[in-house]
Every structure is written in structure tokens, then in C-alpha cells.
Amino acid sequence: MENQNKAPIYEALKTYKQKRIVPFDVPGHKMGRGNPELTEFLGKECMTADVNSSKPLDNLCHPVSVIKEAEKIAADAFGCKNAFFIVNGTTAAVQAMVLAVAKRGEKIIMPRNVHRSAINALILGGAVPVYVNPGVNKELGIPLGMRYEDVEKAIKENPDAKAVFVNNPTYYGVCSDIKRIADLAHENGMYLLADEAHGTHFYFADGMPVAGMHAGADMAAVSMHKSGGSLTQSSFLLTSDAVNEGHIRQIINLMQTTSGSYLLMSSLDISRRNLALNGKEIFEKVKSYAEYMRSEINEIGGYYAFSKELCDGGAFYDFDVTKLSIHTRDIGLAGIEVYDILRDSYGIQIEFGDIGNILAYVSIGDRELYLDRLIGALNDIKRIYQKDKTGMLDHEYINPIVKLSPQEAFYGDKVSVPIEKSAGKISGEFVMCYPPGIPILAPGEQITEEILAYIKYAGEKGCFLTGTEDLEIKNIMILEN
């Protein structure tokens, strides 16, 4: 057992600052003195901790001292073999997982409602996706997890696949039966990869869905900066003893900066310590906040803040009760419309709104006063803005028609055409709403009238569409015939 009271990187930084080292290295702001305006904005303590790798502070690309020790302590906290510090966001962790297990032309089984980072990894490495269409809740219109039976079918049809990739949980808080799927993958000689961008707290809280590494995953990408409290862009890549530590670090070093931020690393170190020592109490409070808000919002009527009552043992196997996902379509408003009204009229910034739902991210940083502000605002919005829901689009997910691998399509010969004239063509780029960053259309997929109608509707409702070279989303790159 490691000493979870320790925070080696944080402690080394404090010692380094006390020694008053004269910096003739980068960064050029020299502990803030060279950029007074930035120092005033961020604070002297922050700027003096923004330092370069050196012998006392170790090196992220090849850790041998304090970073190595911090990684060992983090691995113990998460209950895994190795924990790698990631400062390029969970995007880099997801891409490292995929690149580590599947080479060009090799298959990886995954749900289509993955984050774009997973498909980007396929573009970079050339692995070929075998998509398992997620379940869909027709009332909410949202994609769910993968049914065990659908994964089993994909494995039987693709026995040469190298890995199975699972969202644990989805953006909405829905979980697949990851333990059973992990066992199935291993029985067939495949790795199990878990995208746990929204599942950090599964490792430290009681009464949560099972965490990926505890369920037998071989690797898990964990966004500490979401529910774990660290700085934006800081994450962990967790691995089991089934994968080679040195090989994984080499893959990470292909993706990650050689100028690792000590602000990000120390935030991981401190936040890990906080969760290891206080996580159960922290997330009990978060759960109580979310449950209170869910109950009050459902009392308003018209909204549906869903929870474990939808669990069915299949594609909606389990649910993260800290997630406050709210269906809005029954008051005649798209989620993105509620999202915009909350921000513009009530000064409340929630995580995202889509065609039929919103997600308010609840954490230990919330104040009880804020909970009631959101509840009151939603009550107002229903009273003031409610309208007939006739004619509203009722689904978030469209089954893709895959014609080429993402890499073939992305690097293929392409031409730009008006998006409304692209039906029947093969897309050479992404189209997605961000957040959550799940592609509506990915490279290699056929563009259909249904997809174009969805994109048009999402744009009209105010979703922030991204992914195309054309920032106005008026044109799209398609594969030449």
C-alpha cells in the first residue's frame, strides 16, 4: 500500500520554490516577472509554479523520481498496475489506448457514440472500427450503452478484432455491463478499453457503477479534471498488468507534449490525494445534491430528470446518479434552447444542451444556493417559454452507414461541396455538436437525407456545430468518385 497522504510532485515544487533557484531556462516569463499582466491575472503562486523539467522535478517523458513516485501512488489509489500522468487531456489518453492495441488494418469493436478522440485515433493509426450501434431510449431520444448480446455478436463476426472499447459512462451517465463485456473480450483474446472521461468518481465513491479497472479493463482513460477536481486538461491513463508499461509510455510520448505542465501535474497529484483521503464523503454530498435537484425538477412537471428507474439490464445497464440529465422536449423546447436561456437570461452555465436534453454537471464545488437557482430558473422557463412540442425532432442518434475506414476517408482525395447537395456521398470529415463531441457524421460514412435534416435542425436550434474545414458548416468535404 502506498501512502496516500503524500503528493510528491506538489511537495517537490514547494521545495524548488523555497530554494529560490535563478532560472536561466524556459519558460521565458521567469516565474512571472517577465509578464506582469499575466501574473496579476493568474496570481504569483501560479506563475512561480509554472516551471520547466529539471533534475529535482523529474521529467514527464521519462520519469525516474518524483513523477514516478506520484504515478505509483496514483496507481494504488485507483487500484491498477500503472497510472500515467496525462497533460494533453483525456483525448491523448484515449488515443494512446487505441494506438497501443490496434495497428493499421486491425479491428477494434466500439460503440458509434464514442467521443471524436477515439475516431481520431483510428485516423492516426489506421485501425478499422467495427461499430456496435448503441441502444436508444426512444422516449428520451438518447443513445445508451452497448448490449452484451450485441458485443457478443460483433466478436463472433470479427474474431480477429484486437480490442473492445466501452464508454463508462456515456455523457448522459448511462453504463453498459462492462464487467461481463470485459470477461467476454478476454475470453476471446481481446483487450478491454474503457473511456472513463466522466467516470473518475466511480473509483472513490460508494454506490456507483463499477469502475473500469475494477471490472477487468486493461486500460482506462480518466478525466480527473471533470469530477476529480484537477485543472482542465489533466487526466490519467490507467493500465493493468496485461499491458507493457514501457510500450504504453512510448505510445503516450508520441502524442503528448515534451513540455509537461507542472501546474497540471501538481493539480493531478493534489486532487488524487484529496479523492483517496476524502472521496467517499465528497461524492456522498454530490449524490445528495443531484438527488435533491432531480426530485425538485421532476416535481415541476414537463421535465424528466431520469435516473436508475430506467435501468433494464441491457443497454441501460446502470446509471451514474451524480449526473443530472434532464429531458426537456415535453415543454416544447430543445435542450439547446433551454441551455441558451439559462445562460443568457439567468446567468447559469450548464454543461450542454442537445436536441432533447440538458446536462447540469454537479460537483463538490457547488453551493446549495446554486442548486435552488437552477431549479427556480427551470421552473420559470417552463412557465414563460413552454410551447407545443409538435414537429420537434425526437432522436439524437442515427445509425451510420460505414463505407470506408476513417483513415482512408480522411486522407483520401476530397472535394468541397455545399452540404445540402452532399446526400449519397461519402464524408471526408466530421460533423458534430460540441459539447458533447460525439460525431453526427464521421469520415468514411455515407451522408444521408436524415443526417442532413438532423444537422440543419441542430443548427437552427442553436447547437454549436464543429468538425468541418468550413467553419460556417455551409460546405462539406466529400470523397471524389
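- For the residue pair His186 / Asp218, a side-chain donor-acceptor distance below 3.5 Å is found, with atom types taken as modelled.
- Salt bridge Lys153/Glu157: present, at least one basic N to carboxylate O contact under 4.0 Å.
- We find that Lys72 and Asp76 are not joined by a salt bridge, their nearest charged nitrogen and carboxylate oxygen being 4.0 Å or further apart.
- Proximity of a side-chain donor or acceptor of Thr39 to a complementary backbone N or O of Gly32 within less than 3.5 Å is detected.
- With respect to Thr322, the side-chain hydrogen bond (donor to acceptor under 3.5 Å, both in side chains) criterion is satisfied by exactly one of Glu291, Lys287, His201: His201.
- By the side-chain contact (heavy atoms from CB on, under 4.5 Å) test, Asn133 is found to be paired with Arg112, Tyr397, Asn399, Pro400, residues two or more places apart in sequence or in another chain being considered.
- Side-chain contact check for His29 and Asp50: at least one donor-acceptor pair (N or O, by modelled atom type) lies under 3.5 Å.
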| said: Does Lys103 form a side chain to side chain contact (heavy atoms under 4.5 Å, CB included) with Glu106? I'd like the steps, not just the answer. | reply: CA-CA 5 Å; Lys103 303 182 184 71; Glu106 294 180 338; 3.6 Å; yes
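- With sequence neighbours excluded, the residues satisfying side-chain contact (heavy atoms from CB on, under 4.5 Å) with Asp354 are Tyr172, Phe352, Asn357, Glu396.
- Annotation: cation-pi pair Lys414/Phe410 present, NZ/CZ under 6.0 Å from the ring centroid and within 45° of its normal.
- Looking at Asp177, its side chain never comes within 3.5 Å of a backbone N or O of Tyr317 through a donor-acceptor pair.
- Put simply, the side chain of Leu465 reaches to within 4.5 Å of the side chain of Ile455, judged on heavy atoms.
- At a threshold of 4.0 Å, the pair Asp269-Lys6 does not count as salt-bridged, since none of the basic side-chain nitrogens sits closer than that to a carboxylate oxygen.
- Side-chain contact between Leu275 and Thr200 is present, with heavy atoms from C-beta onward closer than 4.5 Å.
- Side chain of Asn274 to backbone of Ile270: no donor-acceptor contact under 3.5 angstrom is found.
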Per-pair distances, 0.1 Å, donor-acceptor, side chain in residues 80-99, under 3.5 Å, sequence neighbours excluded:
from, atom 1, to, atom 2, distance (Å)
Asn88, ND2, Met255, O, 3.3
Thr90, OG1, Ser223, OG, 2.3
Thr90, OG1, Ser235, OG, 2.5

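- Side chain to side chain, Gln4 and Arg273 fail the donor-acceptor criterion of an N or O pair below 3.5 Å.
- Distance check, rounded to the nearest 0.5 Å: CG of Asp320 to OG of Ser227 gives 8.0 Å.
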| task | Before giving the answer on side chain to side chain contact (heavy atoms under 4.5 Å, CB included), spell out for Leu144 and Asn137 the whole-Å C-alpha distance, their side-chain angles and the decisive distance to 0.1 Å. | result | CA-CA 7 Å; Leu144 307 174; Asn137 181 292; 4.1 Å; yes
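- Using modelled atom types, no side-chain atom of Ser271 and backbone atom of Leu268 make a donor-acceptor pair closer than 3.5 Å.
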| task | Please test Tyr454 against Ile355 for side chain to side chain contact (heavy atoms under 4.5 Å, CB included), starting from the C-alpha separation and ending with a verdict. | result | CA-CA 9 Å; Tyr454 182 98; Ile355 299 303; 3.5 Å; yes
| task | Dump the intermediate steps for side chain to side chain contact (heavy atoms under 4.5 Å, CB included) on Tyr361 and His198, then the final yes or no. | result | CA-CA 10 Å; Tyr361 210 90; His198 298 275; 4.0 Å; yes
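- Looking only at distances, no side-chain donor or acceptor of Glu152 sits under 3.5 Å from a matching main-chain atom of Leu184.
- Between Asp58 and Val64, the closest heavy-atom pair is OD1-N, 2.9 Å.
- A cation-pi contact, defined as under 6.0 Å to the ring centre and within 45° of the axis, links Lys30 to Phe24.
- Distance alone, capped at 3.5 Å, is enough to place a donor-acceptor pair between the Gln407 side chain and the Ile123 backbone.
- The distance between the ring centers of Tyr203 and Phe78 falls below 6.0 angstrom.
- Within the 3.5 Å criterion, the main-chain N or O of Asn244 finds no donor-acceptor partner in the side chain of Arg249.
- Using modelled atom types, one side-chain atom of Asn3 and one backbone atom of Asn5 make a donor-acceptor pair closer than 3.5 Å.
- Ring geometry for Phe306 against Phe316 counts as perpendicular: the plane angle is over 60°, on a 0 to 90° scale with 30° as the lower cut.
- Comment: Glu284 does not engage Lys280 in a salt bridge, judged by the lack of any side-chain N to carboxylate O separation of less than 4.0 angstrom.
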